[in-house]
Asks: 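First, the structure itself, so that you have it in front of you.
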Number of protein chains: 2
Amino acid sequence: MTTSGVASQARFSAQARLRALQADIMDLILDRELEAGDPLPTENELAMVLGVGRNTLRESLKVLQALGVVEIRHGFGMFVAPSNFDALTDGLTFRGRLSLRHKGDEALELVDVRQALESGLIGNAMDTMTSGQLAAVEESVVLMEELAAAGEAFVEADAEFHRRLFEPLNNALLISLLAVFWKVYRQIHVEVGAGAEDLAAVAAAHRRIYEAVAKGDKALAAERLNRHFDGIRNRIYQVVG
Amino acid sequence: MTTSGVASQARFSAQARLRALQADIMDLILDRELEAGDPLPTENELAMVLGVGRNTLRESLKVLQALGVVEIRHGFGMFVAPSNFDALTDGLTFRGRLSLRHKGDEALELVDVRQALESGLIGNAMDTMTSGQLAAVEESVVLMEELAAAGEAFVEADAEFHRRLFEPLNNALLISLLAVFWKVYRQIHVEVGAGAEDLAAVAAAHRRIYEAVAKGDKALAAERLNRHFDGIRNRIYQVVG
DNA sequence: CAAACAATATTGGATGTCCCACCTTCTGTT
DNA sequence: AACAGAAGGTGGGACATCCAATATTGTTTG
């Protein structure tokens, strides 16, 4: 039933045929019960099996690579890939930058979703957070404060803070999504050139969030996360007027 | 600074070059201040400008199409596209199906994220929900009940219920993400072949959610949404357990 | 004059072929 | 035994060529 011949004469639109080809490749992986890391047939072999030209096949393969389905290693082969959300990052970043030229709607929507995820899940994360994980969060706060005192930006420490905050949930998909939103926001932020922010104030806001988490006060932690995101949202507002 | 020559001799990895080409195309769109719906140069022209072969360019364009950045219309041209998350859907669906062959981790993670978004945002949605929107939600409930009474599955009505629930937030990105998670879950569900579920019970669960929303009780609505997702999670457990 | 039809130009869709770049593995020498 | 180099196989990339779809233009026809 699967691996339905894409090469059949069907009068599908071009886009539908491309997606059908992608589906056929994915079905082939599932049919052969390949797992992450397993090798796929060579390009020529796949093109033969699926009944399409090599260039056509490559177009689909590159899409699947971007989707994190396959990993392509030059001179070695193609393999079933572990999760990868780089593609989503790129796409959303572009959307966000494009929207900033107008009303910034998409950029704001992105912040809204990230806020919903973080403030909505902080309670769950606190439920299973170990003392070691809590210490790691504070470590990020301290690093941010040190960098702020030195007048240096702390993009990486900021990202690390949020990542560690939700590590206890043990949800790779969530971590990936948050990373995507973080990267997109950061790119937009760079684009906007908002370099004049108060580093110390940002670091302090993160410490307040940490303190609420350390106290075990879920409502307060969610509230302070919301305040943090309000600040981010305001920065975007300032740019798009 | 933008549109850096990808064709330069740099010894980047193949994947990095592909992504650089994609970035160049997106930069070109931003540099020329094109907006959604505006036409892009032809394939040949773009290949010329970016200094790559047409097949190489096409591979990048297909990726951008999958990411919802450009829209390609056979025989007409290429245009800056409106948002499109079909690609994300496909990739996540594949991941979920693949994970079901083992422990189902990714499928469960997906449900967790969807649950976090819905139960975390239901309060915000209720804040701005109009009476008309509330009526639309009930309409979906009634439809589900009718279909359940007739013994028919109500996949579409179920999806519509959740979509309408969060329409008040006016966040296209969120709606898209929820739609993605819904489709992925549905595909996994079909794959799993869990057809023997109690339609009436599912419809009743949705009515209880609606009633909590109608009463304006945010905590209760969130609680009942959580119960609903617990049921979904259990169904996945039954399959992979 | 207007509507319907047909020819054409333009654009993307697809394939085959050729050569290059990269990685692994084998093999032979030291 | 260890290292170096050769060899084979893989994906990367560029053309050239033809196919297919769409919109436009021009002609025909009522």
Side-chain angles (χ1 to χ4, degrees), chain A residues 5-25 28-29 34 37-81 84, chain B residues 5-25 28-29 34 37-81 84:
Chain A
V6 164
S8 62
Q9 32 64 49
R11 281 292 154 270
F12 290 152
S13 75
Q15 179 165 349
R17 302 205 330 188
L18 179 70
R19 289 190 59 178
L21 182 53
Q22 293 168 22
D24 278 357
I25 297 171
L28 182 143
I29 293 174
L34 301 181
D38 287 351
L40 269 70
T42 68
E43 287 188 348
N44 281 308
E45 191 175 341
L46 264 183
M48 217 80 74
V49 170
L50 298 176
V52 298
R54 185 172 167 234
N55 282 315
T56 305
L57 173 71
R58 280 180 121 257
E59 289 172 3
S60 283
L61 284 173
K62 290 303 172 66
V63 172
L64 291 180
Q65 178 188 35
L67 295 183
V69 171
V70 304
E71 178 185 351
I72 304 178
R73 297 177 57 183
H74 188 177
F76 192 27
M78 301 182 293
F79 307 84
V80 180
N84 175 320
Chain B
V6 165
S8 62
Q9 34 64 47
R11 280 292 152 270
F12 290 153
S13 75
Q15 179 165 350
R17 302 205 330 190
L18 179 70
R19 290 190 60 178
L21 182 53
Q22 294 167 23
D24 278 357
I25 298 171
L28 182 142
I29 293 174
L34 301 180
D38 287 352
L40 270 69
T42 67
E43 287 188 347
N44 281 308
E45 191 174 341
L46 263 182
M48 217 81 75
V49 170
L50 298 176
V52 298
R54 190 172 164 229
N55 279 316
T56 306
L57 173 72
R58 277 178 126 265
E59 288 172 5
S60 282
L61 284 173
K62 289 304 172 67
V63 172
L64 291 180
Q65 175 184 256
L67 296 183
V69 171
V70 303
E71 178 185 352
I72 304 177
R73 295 178 58 182
H74 189 176
F76 193 26
M78 300 182 295
F79 308 84
V80 180
N84 174 324

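Chain letters run A, B, ... following the sequence lines, proteins first, then strands; residues in each count from 1.
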Asks: Starting at CZ of A/Arg54, measure out to OG1 of A/Thr42 and round the result to the nearest 0.5 Å.
Replies: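 Answer for the CZ-OG1 pair, A/Arg54 versus A/Thr42, is 9.0 Å.
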
Asks: Can you find a donor-acceptor pair, distance only, under 3.5 Å between B/Arg17 side chain and D/dG13 base?
Replies: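 No.
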
Asks: Given C/dG13, is OP1 or OP2 found less than 4.0 Å from the side-chain N or O atoms of B/Arg58?
Replies: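 For B/Arg58, the contact criterion (side-chain N or O under 4.0 Å from OP1 or OP2 of C/dG13) is met.
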
Asks: Specify the closest pair of heavy atoms between A/Leu34 and A/Pro39, including all atoms of both residues, with the distance to one decimal.
Replies: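 For A/Leu34 and A/Pro39, the tightest heavy-atom pair comes out as CD1-O, 3.9 Å.
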
Asks: Report the distance from atom CD of A/Gln65 to atom C1' of D/dG12, rounded to the nearest whole Å.
Replies: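 Computing the A/Gln65:CD to D/dG12:C1' distance gives 11 Å.
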
Asks: Please state whether the base of D/dG13 and the side chain of B/Arg54 form at least one donor-acceptor pair under 3.5 Å?
Replies: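 No such pair is found, so the answer is no.
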
Asks: Between atom CD in B/Glu43 and atom P in D/dA14, what is the gap in whole Å?
Replies: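 From B/Glu43 CD to D/dA14 P: 14 Å.
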
Asks: Give me the residues of residues 66-77 of chain B where at least one heavy atom lies under 4.0 Å from an atom of DNA chain C, by number, or none.
Replies: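 Those residues are B/Ile72, B/Arg73, B/His74, B/Gly75, B/Phe76, B/Gly77.
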
Asks: In whole angstroms, how far is the P atom of C/dG13 from the CG atom of A/Leu57?
Replies: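 About 16 Å, once rounded to whole Å.
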
Asks: Testing A/Val70, A/Leu40, A/Val69 for side-chain contact (heavy atoms from CB on, under 4.5 Å) with A/Val80, which one passes?
Replies: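 So the option named by the test is A/Leu40.
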
Asks: Could you tell me how far apart A/Asn55 (CG) and D/dA16 (P) are, to the nearest whole angstrom?
Replies: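 A/Asn55 atom CG is separated from D/dA16 atom P by 14 Å.
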
Asks: Give me each pair satisfying side chain to side chain donor-acceptor pair (under 3.5 Å) with a member in residues 71-81 of chain B, each pair once, sequence neighbours excluded.
Replies: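 Found none.
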
Asks: Please report the C-alpha distance between B/Ile25 and B/Leu57 in whole Å, then the side-chain angles of each, then the deciding distance to 0.1 Å, and finally whether the side-chain contact (heavy atoms from CB on, under 4.5 Å) criterion is met.
Replies: CA-CA 9 Å; B/Ile25 298 171; B/Leu57 173 72; 3.8 Å; yes

Asks: Take B/Lys62 and A/Lys62 through the test side-chain contact (heavy atoms from CB on, under 4.5 Å) and record every step on the way to the result.
Replies: CA-CA 8 Å; B/Lys62 289 304 172 67; A/Lys62 290 303 172 66; over 6 Å; no

Asks: In whole angstroms, how far is the C1' atom of C/dA21 from the CG atom of B/Leu18?
Replies: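 Rounded to the whole Å, the gap is 16 Å.
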
Asks: With respect to the side chain of A/Thr42, which nucleotide from D/dG11, C/dG13, C/dT15 is positioned closest?
Replies: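 That would be D/dG11.
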
Asks: Roughly how many Å is it from CG in B/Asn44 to P in C/dT11, rounded to a whole number?
Replies: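 The distance from CG of B/Asn44 to P of C/dT11 comes to 9 Å, rounded to the nearest Å.
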
Asks: CG of A/Leu40 versus P of D/dG11: gap in Å, rounded?
Replies: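 In whole Å, D/dG11 P lies 9 Å from A/Leu40 CG.
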
Asks: Identify which nucleotide among C/dT15, D/dA14, D/dG12 has an atom closest to any side-chain atom of B/Thr56, counting heavy atoms from C-beta outward.
Replies: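 From the listed options, D/dA14 comes nearest.
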
Asks: Find the distance A/Glu45:CD to D/dG9:C1' and express it as a whole number of Å.
Replies: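 Result: 13 Å.
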
Asks: Where do B/Ala81 and B/Gly68 come nearest, in terms of heavy atoms and distance?
Replies: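 Between these two residues, the closest heavy atoms are CB-O, 3.7 Å.
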
